[in-house]
Amino acid sequence: QVQLVESGGGLVQAGESLRLSCVVSGSIFRINVRGWYRQAPGKQRELVATMTRGGTTVYADSVKGRFTISIDNAKSTVYLQMNSLKPEDTAIYYCNIEATNRDYLETAYWGQGTQVTVSS
């Protein structure tokens, strides 16, 4: 029922920028946290950026100052603006929400992921 669909990934050179988008659809009572995570080959999935319902943001130290998370409520979309990309940013990027579902239970939802590859 609930779907998160990411887009915007691709192949870029170091120093360039990308903007990822995540469209959220389905029946959700309330979204409490929106976020982006990434997983590089052979590594665990790690937090990149999150935003609470109140607008508080948290960024991984490795992306602070380069990445920005934002939302467009009218479009039900979460964005991740990625500037000054580095090869170490190469990973599959996943959109995530923590939401109160129709049964009033706190539930995490994940997108399918979008590949970001940064060459030097």
Side-chain angles (χ1 to χ4, degrees):
Q1 183 67 28
V2 177
Q3 285 190 295
L4 282 64
V5 180
E6 301 102 329
S7 62
L11 173 63
V12 298
Q13 294 186 349
E16 295 183 344
S17 299
L18 283 173
R19 187 174 75 161
L20 306 182
S21 300
C22 172
V23 178
V24 181
S25 63
S27 183
I28 299 171
F29 177 73
R30 181 180 63 207
I31 298 175
N32 301 308
V33 185
R34 299 169 173 86
W36 289 92
Y37 293 72
R38 67 186 181 187
Q39 187 169 23
K43 298 182 179 180
Q44 295 269 53
R45 188 175 300 184
E46 65 177 353
L47 181 148
V48 177
T50 64
M51 178 181 288
T52 69
R53 187 174 55 192
T56 300
T57 57
V58 174
Y59 294 94
D61 288 341
S62 59
V63 308
K64 196 172 299 180
R66 299 188 297 120
F67 291 11
T68 304
I69 185 172
S70 62
I71 61 172
D72 185 334
N73 283 314
K75 297 181 179 179
S76 298
T77 301
V78 187
Y79 300 99
L80 183 68
Q81 179 67 45
M82 305 185 294
N83 297 327
S84 302
L85 282 162
K86 304 175 180 180
E88 50 263 44
D89 295 319
T90 295
I92 301 174
Y93 284 71
Y94 297 90
C95 183
N96 164 265
I97 62 169
E98 297 179 10
T100 304
N101 67 16
R102 299 182 68 183
D103 295 319
Y104 305 103
L105 298 176
E106 300 302 312
T107 308
Y109 299 95
W110 294 89
Q112 82 289 349
T114 185
Q115 176 71 48
V116 173
T117 303
V118 184
S119 63
S120 60

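Note that the CD1 atom of I28 and the CG atom of N101 stand 9.0 Å from one another [nearest 0.5 Å]. Considering CG of L20 and OG1 of T77, their distance stands at 12.5 Å, rounded to 0.5 Å. Here CG of L18 is found 4.5 Å from CE of M82. Values are rounded to the nearest 0.5 Å. Annotation: the span from R34 atom CZ to N96 atom CG amounts to 11.0 Å, rounded to 0.5 Å.
Closest approach of A49 to L80, counting heavy atoms only: CB-CD1, 4.3 Å. Annotation for A91 and Q115: closest pair O-NE2, 3.4 Å, computed over non-hydrogen atoms.
Both V63 and I71 sit in one connected hydrophobic cluster of ILVMFWY residues. Membership requires side-chain heavy atoms under 4.5 Å apart, directly or through other members. Transitive grouping of hydrophobic side chains (ILVMFWY, heavy atoms separated by less than 4.5 Å) keeps M51 and I97 in distinct clusters. I92 and V118 are assigned to two separate hydrophobic clusters, defined by single-linkage of ILVMFWY side chains at heavy-atom distances under 4.5 Å. Linking ILVMFWY residues whenever their side-chain heavy atoms come closer than 4.5 Å, directly or via other members, places I69 and V116 in the same cluster.
No donor-acceptor pair closer than 3.5 Å links the side chain of D103 to the backbone N or O of L105.
The ring-ring contact (aromatic ring centres under 6.0 Å, His included) analysis of residues 12-55, with sequence neighbours excluded, yields the pairs F29-Y104, Y37-W110. Applying the salt bridge (Lys or Arg N to Asp or Glu O under 4.0 Å) definition to pairs two or more places apart or across chains, those involving residues 58-80 are D61-K64, R66-D89. Applying the ring-ring contact (aromatic ring centres under 6.0 Å, His included) rule to pairs touching residues 64-94 yields nothing, sequence neighbours excluded. Applying the salt bridge (Lys or Arg N to Asp or Glu O under 4.0 Å) test to pairs two or more places apart or on separate chains, none has a residue in residues 13-33. Identified under the side-chain hydrogen bond (donor to acceptor under 3.5 Å, both in side chains) test for residues 41-52, with sequence neighbours left out: R38-E46.
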Check your understanding: Do E106 and T100 pass the side chain to side chain contact (heavy atoms under 4.5 Å, CB included) test, and can you show the C-alpha distance, the side-chain angles, and the key distance before you say yes or no?
Key -> CA-CA 5 Å; E106 300 302 312; T100 304; 2.6 Å; yes

Solution key, residues 1-14 side-chain donor-acceptor pairs under 3.5 Å, sequence neighbours excluded:
unit_1 : atom_1 : unit_2 : atom_2 : d
E6     : OE1    : Q112   : N      : 2.9
E6     : OE1    : Q112   : NE2    : 3.3
E6     : OE1    : G113   : N      : 2.9
E6     : OE2    : C95    : N      : 2.6
E6     : OE2    : G113   : N      : 3.3

